[in-house]
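Here the structure is laid out as structure tokens; the discussion comes afterwards.
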Amino acid sequence: MNRIVLLGPPGAGKGTQAKRLATELGIPHVSTGDMLRAAVAQGKSLGKEADEYMRKGLLVPDALVLGILRERLASPDARRGFILDGYPRNVAQARTLAEITPVDHVLYFEIPESVLVERMSQRRSCPTCGTVYNLLTNPPRTPDRCDRDGTPLIQRPDDTEEAVRTRLAVYREQTLPLLDLYRNQGLLRTVAAAGSVEEVNARVRAALR
Ligand code: ADP
Ligand code: AMP
């Protein structure tokens with residue numbers, strides 16, 4: 001089965017690859033970051049609780065994230081597999097995930113930190129449909145407007161220099177230990193995540209074979 005976890009630092013291109021892979025494999029892209037941002041945008045109580053952590057670049061408390069994840073993985077379209085992007089992010093979350101579902105592949109997106117900082121500083125997204133652009137590598141056809149619906153693009157509030165620094169530190173401290181955990185389970189495949197979207201897509205597909 002294709003129960004896939006994408007692991008890697010913020011800005012590594014996990015969301016970009018997950019969206020393509022979801023179409024190619026016919027399984028859903030499950031992004032806890034996207035779900036939390038949707039909860040914030042819709043003014044849900046979960047969003048109100050999560051917003052402050054997200055703005056600072058800190059992890060949202062495990063119990064809040066677990067609720068939305070559990071619900072999403074229980075929906076019928078996730079029965080034939082899923083691409084999990086942004087979960088697990090610490091050892092406790094990895095343990096919880098193992099209790100909810102087995103995982104078949106863990107792909108680690110390896111990339112130099114200098115590339116990440118540049119990718120995040122140039123990232124823009126559409127608040128209406130969620131399409132993600134990059135001003136340098138994947139710009140919209142009309143400056144600052146979404147190609148799909150013309151909505152003015154926004155910069156994520158956690159793509160500021162300070163929040164990015166925090167997110168990278170949180171990643172190193174809390175998420176990196178998961179590499180050993182999944183390596184020891186024989187699930188980890190490393191994907192070189194620098195290079196064009198097409199090049200990385202080819203490496204991702206090769207890693208899944
Ligand atoms: P993540 O989900 O890992 O945080 P994203 O998929 O949002 O990362 O990508 C971060 C930024 O880098 C976005 O602006 C995206 O358009 C851009 N990007 C993604 N993959 C590549 C790539 N292979 N080459 C250049 N830019 C990329
Ligand atoms: P992402 O879109 O994956 O970069 O996530 C953006 C932000 O959402 C993170 O910096 C966290 O604040 C929050 N977040 C997303 N996924 C998780 C998770 N699994 N656990 C805790 N916080 C999360």
Side-chain angles (χ1 to χ4, degrees), residues 5-22 29-41 46-47 49-70 72-73 83-97 100 107-113 115-126 130-140 146-147 153-160 162-171 174-175 178 191-204:
V5 168
L6 303 187
L7 209 61
K14 302 181 298 298
T16 301
Q17 296 299 329
K19 287 190 185 92
R20 289 179 72 127
L21 205 56
H29 169 209
V30 177
S31 159
T32 45
D34 284 353
M35 291 190 283
L36 289 167
R37 280 185 288 278
V40 172
L46 163 71
E49 281 189 72
D51 193 30
E52 190 75 16
Y53 296 96
M54 295 173 75
R55 280 178 187 280
K56 289 185 184 149
L58 298 170
L59 294 186
V60 171
D62 292 348
L64 291 183
V65 183
L66 180 60
I68 47 170
L69 180 80
R70 209 187 269 285
R72 184 64 190 86
L73 291 186
I83 303 161
L84 204 45
D85 161 16
Y87 194 101
R89 271 202 155 75
N90 60 32
V91 172
Q93 292 186 4
R95 291 214 183 97
T96 310
L97 179 64
I100 302 178
L107 303 187
Y108 166 49
F109 281 46
E110 190 176 47
I111 188 157
E113 210 162 276
V115 181
L116 297 176
V117 173
E118 171 154 312
R119 280 191 186 174
M120 282 188 273
S121 69
Q122 304 296 326
R123 172 161 54 190
R124 297 292 183 275
S125 52
C126 174
T131 302
V132 174
Y133 298 88
N134 188 283
L135 297 186
L136 290 179
T137 60
N138 176 28
C146 180
D147 290 349
L153 301 180
I154 57 160
Q155 184 168 30
R156 271 171 52 171
D158 60 348
D159 275 345
T160 57
E162 199 186 344
V164 163
R165 230 179 296 126
T166 305
R167 287 158 67 204
L168 290 172
V170 166
Y171 171 76
Q174 304 200 42
T175 312
L178 298 184
V191 172
S196 71
V197 172
E198 281 69 28
E199 282 164 345
V200 180
N201 174 255
R203 291 182 201 132
V204 165

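Please read all numbers here as calculations on a predicted model, not as lab measurements. Start at 1 and go down the list; that is how both ligands and their atoms are numbered.
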Go ahead and list the nitrogen or oxygen contacts between ligand 1 and the protein that come in under 3.5 Å, distances to 0.1 Å, or just say none.
unit_1   : atom_1 : unit_2 : atom_2 : d
ligand 1 : 2 (O)  : Gly15  : N      : 2.8
ligand 1 : 3 (O)  : Ala12  : N      : 3.2
ligand 1 : 3 (O)  : Gly13  : N      : 3.0
ligand 1 : 3 (O)  : Lys14  : N      : 2.8
ligand 1 : 3 (O)  : Lys14  : NZ     : 2.8
ligand 1 : 4 (O)  : Gly11  : N      : 2.9
ligand 1 : 4 (O)  : Arg123 : NH1    : 3.0
ligand 1 : 6 (O)  : Gly15  : N      : 3.4
ligand 1 : 6 (O)  : Thr16  : N      : 2.8
ligand 1 : 6 (O)  : Thr16  : OG1    : 2.6
ligand 1 : 7 (O)  : Arg123 : NH1    : 2.6
ligand 1 : 8 (O)  : Gly13  : N      : 3.1
ligand 1 : 14 (O) : Tyr133 : O      : 2.8
ligand 1 : 14 (O) : Asn134 : ND2    : 3.0
ligand 1 : 23 (N) : Arg119 : NH2    : 3.4
ligand 1 : 23 (N) : Gly195 : O      : 2.8
ligand 1 : 23 (N) : Val197 : N      : 3.2
ligand 1 : 24 (N) : Arg119 : NH2    : 3.4
ligand 1 : 24 (N) : Gly195 : O      : 3.2
ligand 1 : 26 (N) : Thr137 : OG1    : 2.9

inquiry  = Holding to side-chain contact (heavy atoms from CB on, under 4.5 Å), I want the full list of residues that pass it with Asn138, two or more places apart in sequence or in another chain.
reply    = Asn134

Minimum heavy-atom distance between Phe109 and Gln17, given as atom pair plus value = CE2-CG, 3.7 Å

inquiry  = Taking the basic N atoms (NZ, or NE/NH1/NH2) and the acidic carboxylate oxygens, is any pair closer than 4.0 Å for Arg119 and Asp159?
reply    = no

inquiry  = Is it the case that ligand 2 has an N or O less than 3.5 angstrom from some N or O of Val65?
reply    = no

message = Could you identify the single nearest non-hydrogen protein atom to atom 15 (C) of ligand 2 and state the distance to 0.1 Å?
response = Arg89 NH1, 3.4 Å

task = May I ask whether Arg37 has any heavy atom positioned less than 4.0 angstrom from an atom of ligand 2?
result = yes

message = I want to know if ligand 2 touches Ser31 in the polar sense, i.e. an N/O pair below 3.5 angstrom.
response = no

message = Please list the nearest protein heavy atom to atom 20 (N) of ligand 2 with its residue and the distance rounded to 0.1 Å.
response = Gln93 NE2, 2.9 Å

Taking only distance into account, with no hydrogens and no angle test, what donor-acceptor pairs under 3.5 Å do side-chain atoms of residues 53-61 form with protein atoms, sequence neighbours excluded?
unit_1 : atom_1 : unit_2 : atom_2 : d
Arg55  : NE     : Asp51  : OD1    : 3.4
Arg55  : NE     : Asp51  : OD2    : 3.3

query = Less than 3.5 Å between some nitrogen or oxygen of Arg156 and one of ligand 2, yes or no?
reply = yes

key: Nearest-neighbour protein heavy atom for atom 8 (O) of ligand 2, which is reported as residue plus atom name and distance   = Met54 CE, 3.5 Å

key: Residue and atom name of the nearest protein heavy atom (relative to atom 14 (N) of ligand 2), distance in Å to one decimal   = Leu36 CD1, 3.4 Å

Identity and distance of the protein heavy atom lying nearest atom 12 (O) of ligand 2 = Leu58 O, 2.6 Å

ask   = Looking at residues at least two apart in the chain, or sitting in another chain, which of them share a side-chain contact (heavy atoms from CB on, under 4.5 Å) with Asp34?
value = His29, Ser31, Arg37

request  = Using a cut-off of 6.0 Å, state whether more than 12 heavy atoms not belonging to Gln155 lie near its atom CD.
outcome  = yes

key: NZ/NE/NH1/NH2 to OD/OE distance under 4.0 Å, Glu198 and Arg203   = no

message = So, regarding Pro88 and ligand 2 (criterion: nitrogen or oxygen to nitrogen or oxygen, under 3.5 Å), is there a contact or not?
response = no

